[in-house]
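Have a look at the structure below before the remarks.
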There are 2 protein chains.
Amino acid sequence: MDLNHNHFSSQDCGDCPIRHRAVCARCDARELDELEQIKYYRSFEAGQTIIWSGDRMDFVASVVTGIATLTQTMEDGRRQMVGLLLPSDFVGRPGRERAPYDVTATTDLVMCCFRKKPFEEMMIRTPHIGQRLLEMTLDELDAAREWMLLLGRKTAREKIASLVAIIGRRDAALHLSGKKGPLTFDLPLTREAMADYLGLTLETVSRQISALKRDGVIELEGKRHVIVPDLDRLLEEAGDDTDGGLLV
Amino acid sequence: MDLNHNHFSSQDCGDCPIRHRAVCARCDARELDELEQIKYYRSFEAGQTIIWSGDRMDFVASVVTGIATLTQTMEDGRRQMVGLLLPSDFVGRPGRERAPYDVTATTDLVMCCFRKKPFEEMMIRTPHIGQRLLEMTLDELDAAREWMLLLGRKTAREKIASLVAIIGRRDAALHLSGKKGPLTFDLPLTREAMADYLGLTLETVSRQISALKRDGVIELEGKRHVIVPDLDRLLEEAGDDTDGGLLV
DNA sequence: TATCCCACTTGATCTGCATCAAGGCAGGCG
DNA sequence: CGCCTGCCTTGATGCAGATCAAGTGGGATA
């Protein structure tokens, strides 16, 4: 289904994030060298906006560490998150001038950017880069469709359970986990960001997290650290039939 | 942004739908011939299921005429549409064995299918096919993200207005319209299908359509034929700031 | 012409989540 | 130490949309 998902985590890359699944899993030495020429790093602090919707965007990029989000905002201020970028995720569209969404760092963040123009030229000469991008984009589309089911039809409780499951799994995948024991990880989002993700208000998020805790579905240490004693129970709460295959 | 969107409508294709934007906008004669070898047509009646989620899917396809939908269903029967396929849209993922969603014909439908295996092989040899698919997939991802904003944050009234605007525009685009006058078209979906699209119940859909009619935002002839006297008014009701650029 | 069916409409009531409002708690800084 | 600020929790109330239920209208069939 999707091949290199976990082969190149940010850990593997050290400070050579061009080896991310994003771009160059199949590049040869000359191509890697060419990518080196056009890449540069950018760091952001938690909360910082990377680019505003409508702004010129002359790079494409891959997340090295930290978390970024894509959000849309309506005139009256209603906000909906439409993308959640974890390490190794790719952002930016070859051929597009301007960003269609706000891109924000929700934690401290390092991105590996490629200048767009030369990247596009290289894509034409190097078909497997385009092929990788196609695979990744299709994965993202699948994730978006799961997300649509969540937004359109799930209850608040199910939404929270789904979000916890999604983040827990991605976190586990990122840590190359073969390790057993209860799933344990930090929620990298504020209650407000979770609300934007789920199409809820932050009060409802808070209440439903409390409810899941009260019912023993999850345990909390502090406000962010989650322990999932029974993943199957959580998935059941999430109303999830897919066995995680598609959730990115 | 996206190149051949309207250059190859189903009208242009006659019975050569391989000229759809989907696949072969840039193919030469030899490549077109190769595509001819692996293509075949399938027809469906309104309401017929083309493929169930989880079934083997050994083709990829392009819609020639009619409308198909992708939907997800939860165990308890809640349904959410996650894809709406109009003429010239593409469905199926190279490299995937099984369909992740139910695919259904909501009107009488003709699809132009390509056998998956040889299609994949051809894709490897013919990079610009992959490039076209990447462009199209990115367009679909953008559409999915608009859709997420709709599902997560819009009111029922805004959802209906948005849907009418989306279908009206796509219909206009399909008819190569230079013509002026009020936008006029058929809603190709039942109230129930609209509800599945919008994350509402069919009763709410019906009520809100009535409300928009009462308020003069739209006019109806029969139950399906819509006249939009003032597109800007409709877009305002839809809560839409994007000027339609991204709505596919 | 009657009758059946299906897509749709409309009404009455219920409820899950939003909204409005008031704290709590931890970390930073004077 | 006390105060502030940001993030979170919890309570009270309201409302948009779901649910339950009845009825309409038009097209197909006989």
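All values derive from a computational prediction rather than experimental measurement. Labels below follow one simple rule: chain letters A, B, ... track the order of the sequence lines, proteins then strands, and each chain is numbered from 1.
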Side chains of residues 43-51 of chain A: which donor-acceptor pairs under 3.5 Å do they make with residues two or more places apart or in other chains?
| from | atom 1 | to | atom 2 | distance (Å) |
| --- | --- | --- | --- | --- |
| A:Gln48 | OE1 | A:Glu45 | N | 2.7 |

With a non-hydrogen cut-off below 4.0 angstrom, is A:Gly47 in contact with a base, only sugar-phosphate, or nothing? nothing
Atom pairs under 3.5 Å, N or O on each side, protein against nucleotides 7-12 of chain C: can you list them with distances?
| from | atom 1 | to | atom 2 | distance (Å) |
| --- | --- | --- | --- | --- |
| C:dC8 | OP1 | B:Arg224 | NE | 3.0 |
| C:dC8 | OP2 | B:Arg191 | N | 2.7 |
| C:dT9 | OP1 | B:Arg191 | NH2 | 3.2 |
| C:dT9 | OP2 | B:Arg191 | NE | 2.8 |
| C:dT9 | OP2 | B:Ser206 | OG | 2.6 |
| C:dT9 | O5' | B:Ser206 | OG | 3.1 |
| C:dT10 | OP2 | B:Ser210 | OG | 2.9 |
| C:dG11 | N7 | B:Arg207 | NH1 | 2.8 |
| C:dG11 | O6 | B:Arg207 | NH2 | 3.1 |
| C:dA12 | N6 | B:Arg207 | NH2 | 3.4 |

Which residues pass the side-chain contact (heavy atoms from CB on, under 4.5 Å) test with B:Thr155, sequence neighbours left out? A:Arg78, B:Arg157, B:Glu158
List the residues meeting side-chain hydrogen bond (donor to acceptor under 3.5 Å, both in side chains) with B:Arg56, not counting sequence neighbours, and say none if there are none. B:Glu97
B:Arg153 CZ to C:dC17 C1', in whole Å, measures 12 Å
With sequence neighbours left out, which residue pairs that include part of residues 181-206 of chain A fulfil the ring-ring contact (aromatic ring centres under 6.0 Å, His included) condition? A:Trp147-A:Tyr197
By side-chain contact (heavy atoms from CB on, under 4.5 Å), A:Thr106 pairs with (sequence neighbours left out) A:Ile67, A:Thr69, A:Leu189
Taking ring-ring contact (aromatic ring centres under 6.0 Å, His included) as the cut-off, I'd like each qualifying pair that reaches into residues 203-224 of chain A, sequence neighbours left out, listed once. none
Side chains of residues 201-210 of chain A: which donor-acceptor partners sit under 3.5 Å, not counting sequence neighbours?
| from | atom 1 | to | atom 2 | distance (Å) |
| --- | --- | --- | --- | --- |
| A:Thr201 | OG1 | A:Thr204 | N | 3.3 |
| A:Thr201 | OG1 | A:Thr204 | OG1 | 3.1 |
| A:Ser210 | OG | A:Ser206 | O | 3.0 |

When the distance from CG of A:Leu150 to P of C:dC17 is rounded to whole Å, what number comes out? 12 Å
I need the CD-P distance between A:Gln208 and C:dC17, as an integer number of Å. 6 Å
On DNA chain D, which is the earliest and which the latest nucleotide, 5' to 3', with an atom closer than 4.0 Å to a heavy atom of chain A? D:dC8 to D:dA12
Looking at B:Asp139 and A:Arg93, does any basic side-chain N land under 4.0 Å from a carboxylate oxygen? yes
